[in-house]
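Please read the structure below before turning to the comments.
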Amino acid sequence: MIRTNSNNVKATFLTVNLSFVLLLATTTVVLGGDTPIPESPYGVDNWFSSNVKQSTVRKSTLDPVLFQAESVPVKVITVSKDGKGNFNNIKAAIDSVPNGNTRRIVISIGPGEYKEKITIDRSKQFISFYGNPKAMPTLVFDGTAAQYGTVDSATLIVYPDYFSAANVIFKNSAPEPDGKRRNAQAIALRISGNKSSFYNCRFIGFQDTLCDDRGLHFFKDCYIEGTVDFIFGSGTSLYLRSELHVIGTSGMAVMTAQARESEKEETGYSFVHCKVTGSGKHAFLGRAWMSRPRVVFSFTNLSDVVTPLGWSDNFHPERDNTVFFGEYKNSGPGASTGGRSKFTKLLTYDQAKPYISLGFIKGSTWLLPPPKP
């Protein structure tokens with residue numbers, strides 16, 4: 001029998017634990033960017049808070065330029081229609097941001113409707129829009145493709161990187177296309193900047209409501225409505241716990257038109273713990289607008305607005321072998337896969353895993369919690 005000096009054991013234990021504490025104190029927090037979003041909807045908030053933390057504990061794990069921008073005090077610019085803010089319109093507030101901006105600027109927008117058409121220049125990075133969640137401001141305009149071209153018809157066009165918005169309504173008030181007026185599609189928001197996020201925002205329109213144009217994007221607790229292709233573009237985006245609302249139409253309704261064209265492109269849309277609502281019973285989850293679209297729905301409640309076919313090859317049967325339209329553990333009357341199009345991919349856990357984590361958008365290097373003034 002070997003005897004052990006209890007004092008030596010205690011001393012060793014204390015030394016090891018002290019070293020561990022010191023290691024924690026000097027180690028930057030590294031987040032689990034590939035930690036899967038849990039299947040249970042009740043676990044989403046805990047998953048988010050564990051994986052998306054403030055910049056103060058992220059340190060060098062963030063993009064260097066983002067870390068630098070977040071390391072100085074936030075500058076707040078107020079916009080109010082009653083004249084009590086720094087500005088009474090949003091465009092003037094954006095114009096006040098210097099070109100080449102290198103710090104986080106929060107534009108706090110008061111309640112009401114702001115009829116403006118705005119483009120944010122690429123040099124104005126690190127801008128955040130913030131609205132009161134109990135009195136969300138609305139940014140609205142009625143531009144159409146006939147006037148500006150499709151992608152430039154947007155009420156708001158965002159070119160710079162690291163844009164974010166919380167509690168804001170983006171709306172295009174142009175009338176619903178009737179099939180007679182040429183180029184009647186009208187965009188509420190075009191997001192062309194990389195590493196951008198939206199929290200509790202609403203996107204209102206008909207055809208082409210949200211141009212998820214290019215870059216890495218994150219949407220959480222958002223609402224997007226429309227008729228045809230109301231989420232479209234070449235973005236790489238994760239939509240979490242958001243609602244896609246189909247407005248009833250006599251023609252074909254389509255939720256997504258993702259524009260991937262090459263196997264080398266890493267773009268795509270992933271919808272996790274979302275819900276599909278609306279009227280009618282013939283809406284497609286997506287169509288093959290381009291040759292290699294990539295769209296995945298996971299843990300999502302699909303109402304009977306979804307057609308049993310689920311997906312469309314856009315009358316291009318040659319694209320049946322190139323599309324990536326995936327489904328994983330969805331629910332609701334529209335989730336039955338018995339009548340799905342033959343090119344639908346019913347994913348296993350291993351196949352779905354890349355689409356149900358922040359790794360899909362490389363979020364551990366840039367994604368931050370919702371902005372605050």
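Predicted model only: the values in this text are computed from it and were never measured.
- Between Gln185 and the options Val228, Thr209, Asp208, a side chain to side chain contact (heavy atoms under 4.5 Å, CB included) holds for only Asp208.
- Closest approach of Arg260 to Met290, counting heavy atoms only: O-CB, 3.6 Å.
- Dense packing is recorded around NZ of Lys220, with more than 12 heavy atoms of other residues, nucleotides or ligands lying under 6.0 Å away.
- Looking only at side-chain heavy atoms (C-beta outward), Thr78 and Ser80 stay at 4.5 Å or farther from each other.
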Item to check | Evaluation steps, side chain to side chain contact (heavy atoms under 4.5 Å, CB included), between Met255 and Val246 | outcome: CA-CA 7 Å; Met255 290 166 233; Val246 179; 4.0 Å; yes

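- Considering every non-hydrogen atom in both Cys211 and Val151, the closest pair reads SG-CG1, 4.2 Å.
- Thr61 has its side chain out of reach of Phe67: every pair of non-hydrogen atoms, C-beta onward, lies at least 4.5 Å apart.
- A donor-acceptor distance shorter than 3.5 angstrom exists from the side chain of Lys117 to the backbone of Ala154, with no hydrogens or angles considered.
- Cluster membership for Ile105 and Val158, using ILVMFWY side-chain heavy atoms within less than 4.5 angstrom, is shared.
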Next on the checklist: Let's go through Asp121 and Ser123 carefully: what are the C-alpha distance in whole Å and the side-chain angles of both, what is the deciding distance for side chain to side chain donor-acceptor pair (under 3.5 Å) to 0.1 Å, and is it a yes or a no?
Outcome noted: CA-CA 5 Å; Asp121 186 80; Ser123 68; 2.7 Å; yes

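- One N or O on the side chain of Arg319 and one on the backbone of Ala288 form a donor-acceptor pair closer than 3.5 Å.
- With respect to Lys342 and Asp313, no salt bridge is recorded, no charged nitrogen being found less than 4.0 Å from a carboxylate O.
- Ring-plane geometry between Phe163 and Phe129 is classed as perpendicular, the angle between the planes exceeding 60 degrees on a 0 to 90 degree scale with a lower cut at 30.
- Crowding of Gln68 atom CD: a count of heavy atoms from other residues, nucleotides or ligands under 6.0 Å not exceeding 12.
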Next on the checklist: Between Asp229 and Arg287, is the salt bridge (Lys or Arg N to Asp or Glu O under 4.0 Å) condition met? List the steps.
Outcome noted: CA-CA 8 Å; Asp229 300 347; Arg287 71 180 177 106; 2.5 Å; yes

Checklist entry - Taking it one step at a time, do Tyr328 and Thr300 satisfy side chain to side chain contact (heavy atoms under 4.5 Å, CB included)? => result CA-CA 8 Å; Tyr328 179 67; Thr300 292; over 6 Å; no

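- A cation-pi arrangement is found for Lys81 relative to Tyr114, the charged atom lying closer than 6.0 Å to the ring centre and inside a 45° cone about the ring normal.
- With hydrogens and angles disregarded, no donor-acceptor distance shorter than 3.5 Å links the side chain of Ser341 to the backbone of Phe343.
- When side chains are defined from C-beta on, Leu285 does not count as touching Val295, because their heavy atoms never get closer than 4.5 Å.
- Hydrophobic cluster membership is shared by Trp366 and Phe360, with clusters built from Ile, Leu, Val, Met, Phe, Trp and Tyr side chains linked at under 4.5 angstrom.
- Atom NE2 of His245 is separated from atom CD1 of Ile204 by 9.0 Å, given to the nearest 0.5 angstrom.
- A donor-acceptor pair under 3.5 Å is absent between the side-chain atoms of Thr138 and the main chain of Val140, judged by distance alone.
- Using a 4.0 Å cut-off between charged side-chain N and carboxylate O, Lys329 and Glu39 make a salt bridge.
- Distance alone, capped at 3.5 Å, places no donor-acceptor pair between the Asn167 side chain and the Met136 backbone.
- Relative to the six-membered ring of Tyr159, Arg122 misses at least one condition, a distance below 6.0 Å or an angle of at most 45° to the axis.
- Distance CD/Glu243 to CZ/Phe203: 13.0 Å, rounded to 0.5 Å.
- Summarising the geometry, atom CD1 belonging to Ile94 is positioned 12.0 Å from atom CG belonging to Asn101; distances are rounded to the nearest 0.5 Å.
- Taking both residues in full, the closest heavy atoms of Ala135 and Pro111 are given as O-CB, 3.5 Å, listed atom of the first, atom of the second, then distance.
- One finds a salt bridge joining Glu327 and Arg340 here, because a Lys/Arg side-chain nitrogen approaches an Asp/Glu carboxylate oxygen to under 4.0 Å.
- Shortest non-hydrogen contact noted between Trp289 and Ala259 is CZ3-CB, 3.6 Å.
- Here the side chains of Phe232 and Ile187 are in contact, with some heavy-atom distance below 4.5 Å.
- The distance from atom OG1 of Thr155 to atom CG of Asn172, rounded to the nearest 0.5 Å, is 4.5 Å.
- Asp304 approaches Pro333 most closely through the heavy-atom pair N-CG, 3.6 Å.
- A side-chain hydrogen bond (donor to acceptor under 3.5 Å, both in side chains) with His217 holds for exactly one of Thr236, Asp212, Asn194; it is Asp212.
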Checklist entry - How far apart are the C-alpha atoms of Leu368 and Arg58, what are their side-chain angles, what is the distance that settles it, and do they pass the side chain to side chain contact (heavy atoms under 4.5 Å, CB included) test? => result CA-CA 10 Å; Leu368 296 172; Arg58 301 275 286 282; 3.7 Å; yes

Checklist entry - When you look at Tyr355 and Phe324, which way does the ring pair (Phe, Tyr, Trp, His ring centres under 6.0 Å) test go after all the steps? => result CA-CA 12 Å; Tyr355 303 96; Phe324 191 97; 5.7 Å; yes

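- Phe170 and Ile127 fall within the same hydrophobic cluster, where Ile, Leu, Val, Met, Phe, Trp and Tyr residues are linked whenever their side-chain heavy atoms come under 4.5 Å apart, directly or through other members.
- Judged by distance alone, the side chain of Arg202 and the main-chain N or O of Glu225 form no donor-acceptor pair under 3.5 Å.
- Atoms CG and CG, on Leu302 and Leu244 in that order, are 10.0 Å from each other to the nearest 0.5 Å.
- Side-chain atoms of Leu216 and Glu266, non-hydrogen and from C-beta on, never get closer than 4.5 Å to each other.
- Taking the six-membered ring where the residue is Trp, Phe219 and Phe198 present parallel rings, their angle staying beneath 30° rather than reaching 60°.
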Checklist entry - Are Asn99 and Lys124 close enough, and set up right, to give a side chain to side chain contact (heavy atoms under 4.5 Å, CB included), and what steps lead you there? => result CA-CA 5 Å; Asn99 292 336; Lys124 297 176 185 285; 3.4 Å; yes

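- The backbone N or O of Val305 sits less than 3.5 Å from a side-chain atom of Ser303, completing a donor-acceptor pair.
- Under the 4.5 Å side-chain heavy-atom criterion for grouping Ile, Leu, Val, Met, Phe, Trp and Tyr, Val79 is connected to Leu156 within one hydrophobic cluster.
- Looking at Arg104, its side chain never comes within 3.5 Å of a backbone N or O of Ser71 through a donor-acceptor pair.
- Using a distance-only test at 3.5 Å, with no hydrogens or angles considered, no donor-acceptor pair links the side chain of Arg190 to the main chain of Ser153.
- The minimum heavy-atom distance linking Arg103 with Val72 is given by the pair CB-CG2, 3.7 Å.
- Glu116 places a side-chain N or O within 3.5 Å of a backbone atom of Ile90 that can act as its donor or acceptor partner.
- In Glu265, the CD atom is crowded: over 12 heavy atoms of neighbouring residues, nucleotides or ligands sit closer than 6.0 Å.
- Within the model, atoms CD1 of Ile231 and CZ of Phe271 stand 4.0 Å from one another, a figure rounded to the nearest 0.5 Å.
- Heavy atoms of other residues, nucleotides or ligands lying less than 6.0 angstrom from NZ of Lys353 number 12 at most.
- One hydrophobic cluster, built from ILVMFWY side chains closer than 4.5 Å, holds both Leu210 and Leu139.
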Checklist entry - Where do Ser128 and Ser164 land on the side chain to side chain donor-acceptor pair (under 3.5 Å) test, with the steps shown first? => result CA-CA 5 Å; Ser128 296; Ser164 64; 2.5 Å; yes

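- Proximity of Tyr162 to Asp63: side-chain heavy atoms (C-beta onward) are separated by under 4.5 Å at one or more points.
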